[in-house]
Number of protein chains: 2
Amino acid sequence: MEKLTINDIAKISGYSIATVSNYLNGNYQKMSQKTRDHLAKVIDQTGYRPNSTARNLAKHENKTIGVSISDITNPFTSPVMSGISEVCTQHGYKMIFTNADNDQKKEVNNILSLRTESVSGMIVDAVDPNSPIYKSLTNEALVMVDRQAKELLFDTIVTDNRQAVKEMVTHMVQAGYDELYFVTWPLEEVSTRQMRYQGFLEATGYALGEHLLTVPHLGQKEAYQQFEAQIETLMAQKGTKKIGFFTMNARVFLRLLKAMQLKAYQYPRDYGVATYEEFDWMQIMRPEISCIRQDSKKIGVMAAELLLAKLLDKKSALPQKYIVPTEIILKQSF
Amino acid sequence: MEKLTINDIAKISGYSIATVSNYLNGNYQKMSQKTRDHLAKVIDQTGYRPNSTARNLAKHENKTIGVSISDITNPFTSPVMSGISEVCTQHGYKMIFTNADNDQKKEVNNILSLRTESVSGMIVDAVDPNSPIYKSLTNEALVMVDRQAKELLFDTIVTDNRQAVKEMVTHMVQAGYDELYFVTWPLEEVSTRQMRYQGFLEATGYALGEHLLTVPHLGQKEAYQQFEAQIETLMAQKGTKKIGFFTMNARVFLRLLKAMQLKAYQYPRDYGVATYEEFDWMQIMRPEISCIRQDSKKIGVMAAELLLAKLLDKKSALPQKYIVPTEIILKQSF
DNA sequence: CTGTTAGCGCCTTCAT
DNA sequence: ATGAAGGCGCTAACAG
């Protein structure tokens, strides 16, 4: 929205564009205090703002990081972005944002387009961290978040999914439940789901594949009704057994509760429940929900700080996993 | 993270860079089908991607819009961004994202920095749409969202706050409530809050300033306790009167419910309640909550479409207000 | 201390 | 249908 160029400033001030450029880049040792002051005045009065596109082209660096989000409607995402954004602006970085809408193809396109934009680095909350697209990128300028790839190609910030679930479910076991179930979106290849299930198995001693209740993704109405039927059968046949559920995130938790409400089953009377994730609306549930609180904003902060640090060093170390601790909140829901 | 240039492609393919450039820009009429096919193959095989920075510089256009969000942790924000993002990628636009964290100063900085980036246009969810910073921008390349300025400087996408609240509260009046209260964050100069209060007044016939319960912003513990005390008094003294509350958004709703739960007051037995905004967690509240559903994603979509259209036309029309309709959801909460 | 100049990668007339 | 060359606004040696 402006039209002045460095050339104009040079002419107006009477100095060469090189000096102006030096001024713009803070190379004050290359000029007298007088010219510095003069330039300051001219630039201030004209309201001149250097064209960042040109600057980026010349510098091969654009102080921009690309952020690829798997699903922005996931409430987990907001705090992460908040953290990233905070750190980035602190360090004078801009962020260009893309959303994959849970679609692997879109994700690939997003990554490609970020690469085309030649961002300095990327933070990726991947739909599929195992996608071949990532083989074309390097750990020097990328940080992954949340989901991790089987083969760790990049520094990755995760929460201690397995451990946290194991702890929580151990509490449930100790509370004397005869039967426990892990409720989840389809496990697929998603590391967070698998790790959480893993923690569940370790706490309960069940074998892989057992006591697993899968909730279909949003929008699949028929499949969802099957899930409801499954819950109904389970509850109808449990007899006097004490039965409990661990849901792998808040959305799944909502699904389970809805299914339970169909027959007016209530926790903790008819069943016990605990969930991964904590959101503010859980405060008003009565009884309150036992849940695993993860510091999502911190994930964003760490990812951004790590990335910016790497961007400075340019030393390529081996990809590492960074674990953000969680907090177990015990209430009366089981 | 790539090194191929248009020059490389020219050499590899045996054509000149001009032809390659023409190919990249879809000027196919300027070349034979044969060279076109050949180029396609080379580019595909090499995985070449033109450097967008250079392209932007040459073209004086960067296909980037800036998005300034007032508070990304507000759950209203995600769907809006989702909508914006969808439209943008559809049209080959990138979005650079900034978050003001509800802080006017940060917002000013964000706007300035977006201007420096010389974005093609901006979509602004403003903390303070009346800030003088906006006087330096033009309606040709900006769309506002949600909150509107007193003096309409830009096209603005809003929901029909006043009307929707009026309708809902009218239902409450008809349900025979003796006393109704509007529960809100501090009204301040925020248009959405004021419009909603306005609708409330029109439905109830109360005078300006009456029946207004203000919830302090998050983090102000003492003030919040005052609010709780206020609710307690209200409920204790209501006698046999039928009393109802309309909360101006979901977060305020949560605050009210928490306050009510301190003395174990339940809706709709002890009080009636309805709220602006609908979120998925409301589905599991029993009884269900009467609420006003707004299509937030559509707000984002409209904003982006409008902006991109303006960017094409470059005709400056008078700023206009676009209203996204809402839906009244009646349940048993009052 | 200050100015000259050659790029950065791509687009775009203008010839051929 | 294809190529040569200048330019977008700025940076970064290298001279002076």
Side-chain angles (χ1 to χ4, degrees), chain A residues 1-40 42-43 46-64 92 94 113-120, chain B residues 1-40 42-43 46-64 92 94 115-120:
Chain A
M1 296 169 169
E2 273 297 338
K3 29 183 59 184
L4 285 172
T5 79
I6 196 173
N7 233 311
D8 298 320
I9 301 302
K11 273 173 197 150
I12 296 176
S13 67
Y15 292 104
S16 77
I17 64 169
T19 303
V20 178
S21 173
N22 278 136
Y23 175 84
L24 292 174
N25 291 290
N27 298 135
Y28 301 133
Q29 75 283 9
K30 295 193 178 182
M31 70 193 72
S32 67
Q33 184 65 37
K34 201 181 110 198
T35 73
R36 178 175 169 181
D37 292 341
H38 187 196
L39 250 18
V42 171
I43 288 177
T46 56
Y48 164 71
R49 303 219 143 214
N51 175 319
S52 64
T53 306
R55 161 179 270 164
N56 293 340
L57 177 57
K59 278 199 175 184
H60 280 287
E61 167 220 60
N62 56 13
K63 287 251 186 190
T64 298
K94 279 86 200 167
S113 114
L114 287 177
R115 229 183 40 182
T116 305
E117 288 305 301
S118 58
V119 293
S120 315
Chain B
M1 298 170 167
E2 270 296 337
K3 27 186 58 187
L4 284 172
T5 80
I6 196 174
N7 233 311
D8 298 321
I9 302 302
K11 273 176 199 148
I12 296 177
S13 67
Y15 293 105
S16 76
I17 65 170
T19 302
V20 178
S21 173
N22 278 135
Y23 174 86
L24 292 175
N25 291 290
N27 298 136
Y28 302 133
Q29 74 283 8
K30 294 193 178 181
M31 69 193 71
S32 66
Q33 183 65 38
K34 201 182 110 200
T35 72
R36 178 175 169 182
D37 291 342
H38 187 196
L39 249 18
V42 172
I43 289 177
T46 56
Y48 164 71
R49 301 224 140 212
N51 174 318
S52 67
T53 307
R55 162 179 268 164
N56 294 339
L57 178 58
K59 280 199 170 183
H60 282 288
E61 166 218 60
N62 59 10
K63 289 253 189 186
T64 299
K94 278 87 200 167
R115 231 183 38 184
T116 305
E117 286 306 299
S118 59
V119 293
S120 314

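Numbered from 1 within each chain, the chains take letters A, B, ... in sequence-line order. Remember, predicted model here, so these are calculated numbers, not experimental data. Just the heavy atoms: all of them, side chains too, but no hydrogens, waters or symmetry mates, feed the values below.
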Tell me: OH of A/Y23 to P of C/dC1, nearest whole Å?
-> 16 Å
Touch class at under 4.0 angstrom, heavy-atom based, for A/K59 against every strand present | sugar-phosphate
Distance, rounded to the nearest Å, where B/N62 contributes CG and C/dC11 contributes P = 14 Å
Which pair of non-hydrogen atoms, one from A/E61 and one from A/N56, has the smallest distance, and what is that distance?
-> O-OD1, 3.3 Å
Heavy-atom pair with the smallest gap, counting every atom of A/V42 and A/I9 = CG1-CG2, 4.2 Å
Qualifying residues under side chain to side chain donor-acceptor pair (under 3.5 Å), relative to A/K59, sequence neighbours excluded | A/N25
Compare the minimum distances between each of C/dG9, C/dT2, C/dC8 and the side chain of B/T5, then state the nucleotide with the smallest one.
-> C/dG9
Comparing nearest nucleotides in DNA chain C, the 5'-proximal residue of the pair A/I17, A/Q33 is A/Q33
Whole-Å distance separating the CG atom of B/N51 from the C1' atom of C/dC11 = 13 Å
Looking at side-chain heavy atoms only, is the closest gap between A/T5 and A/I17 below 4.5 Å?
-> no
C/dT2 OP1/OP2 closer than 4.0 Å to side-chain N/O of A/T35 | yes
When rounded to whole Å, the CG to C1' distance for the pair B/N7 and C/dG9 reads 9 Å
Rounding to a whole Å, what distance do you find between A/R36:CZ and C/dC1:P?
-> 12 Å
A/N22 side-chain N/O to C/dT2 phosphate OP1/OP2 under 4.0 Å = no
Note: chain B reaches DNA chain D at heavy-atom distances under 4.0 Å over the stretch, first to last nt, 5' to 3', of D/dA1 to D/dG9
B/K11 NZ - C/dG9 P separation (whole Å) | 12 Å
Would you mind telling me which residue lines up with the more 5' stretch of DNA chain D, A/L57 or B/G14, judged by nearest nucleotide?
-> B/G14
Quickly work out the B/H60 NE2 to C/dG9 P distance and round it to whole Å.
-> 18 Å
What is the distance, rounded to the nearest whole Å, between atom CG of B/N25 and atom P of C/dG9?
-> 17 Å
Show the numbers, then the answer: is there a side-chain contact (heavy atoms from CB on, under 4.5 Å) between A/H38 and A/Y15?
-> CA-CA 10 Å; A/H38 187 196; A/Y15 292 104; 3.5 Å; yes
Side-chain N or O of A/S32 less than 4.0 angstrom from OP1 or OP2 on C/dC1?
-> no
Specify the closest pair of heavy atoms between B/A10 and B/S16, including all atoms of both residues, with the distance to one decimal.
-> CB-C, 3.8 Å
Taking all non-hydrogen atoms of both residues into account, name the closest pair between B/R49 and A/S113 and its distance.
-> NH1-N, 4.3 Å
